[in-house]
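In what follows, a structure is listed as structure tokens, so that the remarks can point back to it.
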Amino acid sequence: MPKKKKPVKSEPKELPPLNKSKNVVLRFAPGPSGPLHLGHTRALALNNYYKKRYNGKLILRLEDTNPNAIDSDAYEMIQDDLKWLGIEADKVIIQSERIDTYYEDIRKIISEGGAYVTKSDAEEWRVLKRQKKAHPDRDRNPEIQIKEFESLLKDENGIVVIKTNLEDPNPALRDFVAFRIVDSPHPLQKSKYRLWPLYNFAVAIDDYRLGITHVLRGKDHLNNTEKQKWIYKYMGWDEPEFIHYGLVSIPKTNLKTSKIRQSISEGEYSGWDDCRIATIRALARRGYSSETFSKYWEASGVKEVDIKFSWQNFDAMNKDLIDAKSKRLFFVSEPKEFTFKTGETITKEAPWHPDNKDLGNRVEIIKSGSKIYLPGADLGKIQDYSEIRLKNLCNVKINGNTLEFTDFEHKKGIPIFQWCSASKNIKLYYPDGVVNSGLVEDNIDDLDNTVVQFERTGFVRLEGDKAFFLHR
RNA sequence: GCUCCCGUGGUGUAGUCCGGCCCAUCAUCUCGGCCUUUCGAGCCGAAUACCCGGGUUCAAAUCCCGGCGGGAGCACCA
């Protein structure tokens with residue numbers, strides 16, 4: 001066998017290729033229980049990566065087969081989140097609109113002896129399974145099973161079970177439930193159906209019927225894949241390519257949709273975009289670039305290793321993307337008021353960005369008698385009559401509550417201060433819940449809803465009289 | 001308990017399939033220096049990794065065996 005060439009180092013890294021014989025069709029399939037969060041973005045980014053690489057298609061499939069776990073706003077929110085991430089689904093599929101297809105396919109499997117109906121007690125059925133024993137209902141003939149199935153559609157209670165190998169040493173893989181009764185109304189279908197498919201059944205049917213060629217998902221689905229293969233077998237279908245990447249643990253981040261929802265309803269969080277949580281919309285509000293998500297996950301690869309998400313690395317990537325185009329502003333926390341004294345009016349002319357001169361300057365006229373605010377914390381170290389430099393303006397001597405102009409000369413070693421002349425108050429919200437307030441330069445009106453850097457503090461996104469901390 | 005997956009610096013990753021080009025890649029973080037109208041950025045430098053033990057081989061991160069460690073599943077959730 002010929003040896004594979006080592007990749008040339010200067011080439012950008014690529015994810016491993018897909019085995020492909022036809023046009024690539026991928027899918028992203030969340031349950032509509034809330035908006036998307038950071039945890040969803042790996043599946044999304046990876047599937048989208050291969051879609052672009054092979055010029056394929058990406059299907060967004062909303063898995064709403066559990067009427068009790070649906071937030072009707074989520075259908076919309078998920079699509080908005082996708083849009084924000086810059087990902088376009090070629091098709092949007094809603095599973096609850098496909099129930100009749102599932103019924104048709106399960107009838108086929110039942111009539112060929114691949115599934116059975118039982119109305120017995122749940123625990124009784126599970127105990128037998130654990131002991132590798134068949135439930136008495138399992139071996140009834142298909143005609144009876146079908147009749148039983150139709151009765152579930154009407155008013156009886158029971159489940160439909162896919163037969164697998166009861167002898168399977170892995171208890172997770174023995175007979176699994178394909179349908180169960182849920183009487184609560186569905187947000188979209190209302191009371192049209194009472195017999196609802198479960199995850200593994202609906203997924204297998206849809207992946208095939210929607211023409212999915214590659215199922216790219218987390219390792220937590222390894223057993224599900226084995227279950228779904230039984231459906232393919234009973235239907236006589238070719239399997240798609242299954243690829244499982246390792247699990248991600250995201251430290252110090254609350255991603256539980258149900259918990260977040262509770263905190264929102266209790267008023268602790270302001271909404272799904274509260275800057276303390278890691279929903280897409282909250283991260284967007286803090287000013288992350290959508291590109292960072294795809295970059296980060298593409299760099300993490302598709303290996304089956306479990307990985308830890310690193311905010312540090314993520315933030316570093318984001319900074320790379322936004323640094324050159326983010327304007328700089330002075331931010332003065334714990335402001336102390338001073339009166340400026342000078343013989344003549346002087347002008348502040350500070351670059352919007354120290355390196356990117358294309359961004360131009362911010363200009364401000366300072367007169368004698370103007371109020372100047374200095375950061376309280378830094379002042380603590382300074383004595384009366386010390387000479388300091390007001391950054392991008394001039395040198396002054398502190399005399400009680402006044403700042404007396406001395407000269408413009410750049411002097412080595414004297415402390416440099418950020419300062420503000422305006423009393424434009426802004427509240428700075430940190431993701432850990434800390435709220436800081438301070439003054440910011442007055443000329444931020446045009447900067448509303450953009451990401452800027454508060455010098456020395458870090459990058460923030462401005463929103464009215466609020467600023468959301470992004471990262472350093 | 002049963003079953004499956006995975007172990008490369010602090011973190012993420014390349015290399016593992018097909019042994020040699022690997023005294024191991026790149027990024028981030030950390031630490032020092034230079035530069036700078038404080039920060040950041042930039043430039044230069046430093047430090048840190050093949051889970052352990054055996055085996056095969058001229059040669060092992062890579063192949064084999066055994067241990068250890070981590071994760072997941074065993075739902076009428078998705």
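These values consider heavy atoms only, across backbone and side chains, with no hydrogens, waters or symmetry-generated copies. Within every chain, numbering begins at 1; the chains are lettered A, B, ... in the order of the sequence lines, protein sequences first and strands thereafter.
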Which residues pass the side chain to side chain contact (heavy atoms under 4.5 Å, CB included) test with [X], sequence neighbours left out?
X	value
A:Leu38	A:Thr41, A:Ile250, A:Leu255, A:Ala278, A:Leu283, A:Phe293, A:Phe309, A:Trp311
A:Ser120	A:Thr118, A:Glu124, A:Trp125, A:His135
A:Ile144	A:Arg140, A:Asn141, A:Glu148

Considering every strand and a 4.0 Å limit on heavy-atom distances, what is the contact class for [X]: base, sugar-phosphate, or nothing?
X	value
A:Ile159	base
A:Pro415	nothing
A:Asp315	nothing
A:Ala122	base
A:Glu226	nothing
A:Ser120	base
A:Thr65	sugar-phosphate
A:Trp125	sugar-phosphate

Subject >> ring pair (Phe, Tyr, Trp, His ring centres under 6.0 Å) partners for A:Phe340, two or more places apart >> reply: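 In terms of ring pair (Phe, Tyr, Trp, His ring centres under 6.0 Å), with neighbours along the sequence ignored, A:Phe340 is linked to no residue.
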
Subject >> Qualifying residues under ring pair (Phe, Tyr, Trp, His ring centres under 6.0 Å), relative to A:His214, sequence neighbours excluded >> reply: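 A:His214: no ring pair (Phe, Tyr, Trp, His ring centres under 6.0 Å) contacts found.
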
Between [atom2] on [N] and [atom1] on [X], what's the gap in Å once rounded to a whole number?
X	N	atom1	atom2	result
A:Leu321	B:A27	CG	P	16 Å
A:Glu63	B:C77	CD	P	14 Å
A:Asn356	B:A41	CG	P	16 Å
A:Phe309	B:U13	CZ	P	13 Å
A:Glu167	B:C2	CD	C1'	14 Å
A:Ile388	B:U37	CD1	C1'	13 Å
A:Lys132	B:G1	NZ	C1'	13 Å

Subject >> Among B:A78, B:U38, B:U37, the nucleotide that comes nearest once only the side chain of A:Arg389 is considered >> reply: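 Of the candidates, B:U37 comes closest.
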
Original post:
Any idea how A:Phe179 and A:Phe201 line up, ring-wise: parallel (<30°), tilted (30 to 60°), or perpendicular (>60°)?
Top reply: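 The rings of A:Phe179 and A:Phe201 sit tilted, inter-plane angle from 30° to 60°.
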
Distances under 3.5 Å between nitrogen or oxygen atoms of protein and nucleotides 28-33 of chain B:
from  : atom 1 : to       : atom 2 : distance (Å)
B:U28 : O2'    : A:Asn313 : OD1    : 2.8

Original post:
Where does RNA chain B form stems of at least three consecutive Watson-Crick or G-U wobble pairs, each pair having both distances below 3.5 Å?
Top reply: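 Only these stems qualify: B:1-7 with B:68-74, B:10-12 with B:26-28, B:30-34 with B:42-46, B:51-55 with B:63-67.
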
Identify the pairs formed between an N or O of the protein and an N or O of nucleotides 70-74 of chain B at a distance under 3.5 Å, and give each distance.
from  : atom 1 : to       : atom 2 : distance (Å)
B:G71 : O2'    : A:Asp306 : OD2    : 3.3
B:G73 : O2'    : A:Asn223 : ND2    : 2.9
B:G73 : N2     : A:Asn170 : OD1    : 3.4
B:C74 : O2'    : A:Pro171 : O      : 3.3

**OP:** Sequence neighbours left out, what pairs pass salt bridge (charged side-chain N to carboxylate O under 4.0 Å, His left out) with at least one residue falling in residues 306-326 of chain A?
**Re:**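 Every pair satisfying salt bridge (charged side-chain N to carboxylate O under 4.0 Å, His left out) with a residue in residues 306-326 of chain A: A:Lys219-A:Asp306, A:Asp323-A:Arg328.
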
Original post:
Could you give all pairs that pass the salt bridge (charged side-chain N to carboxylate O under 4.0 Å, His left out) test and reach residues 221-231 of chain A, with sequence neighbours left out?
Top reply: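 Qualifying pairs, neighbours excluded: A:Glu226-A:Lys229.
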
**OP:** Hey, could you give me each pair passing side-chain hydrogen bond (donor to acceptor under 3.5 Å, both in side chains) that has a residue in residues 200-210 of chain A? Not counting sequence neighbours.
**Re:**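 Residue pairs passing side-chain hydrogen bond (donor to acceptor under 3.5 Å, both in side chains), neighbours aside: A:Arg27-A:Asp207, A:Arg61-A:Asp207, A:Gln95-A:Asp206, A:Arg98-A:Asp206, A:Tyr102-A:Asp206, A:Asp105-A:Arg209, A:Asn200-A:Asn224, A:Asn200-A:Gln228.
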
Subject >> Which residues share a salt bridge (Lys or Arg N to Asp or Glu O under 4.0 Å) with A:Lys348, sequence neighbours left out >> reply: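 A:Lys348 satisfies salt bridge (Lys or Arg N to Asp or Glu O under 4.0 Å) with A:Glu364, A:Glu441 once adjacent residues are dropped.
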
Subject >> Side-chain-base donor-acceptor pair under 3.5 Å for A:Asp323 and B:G42 >> reply: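 Result: no qualifying N/O pair found.
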
Original post:
Relative to the 5' end of RNA chain B, which residue comes earlier, A:Met317 or A:Leu390, by the nucleotide with the nearest heavy atom?
Top reply: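 Going by which nucleotide is closer to the 5' end, it is A:Met317.
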
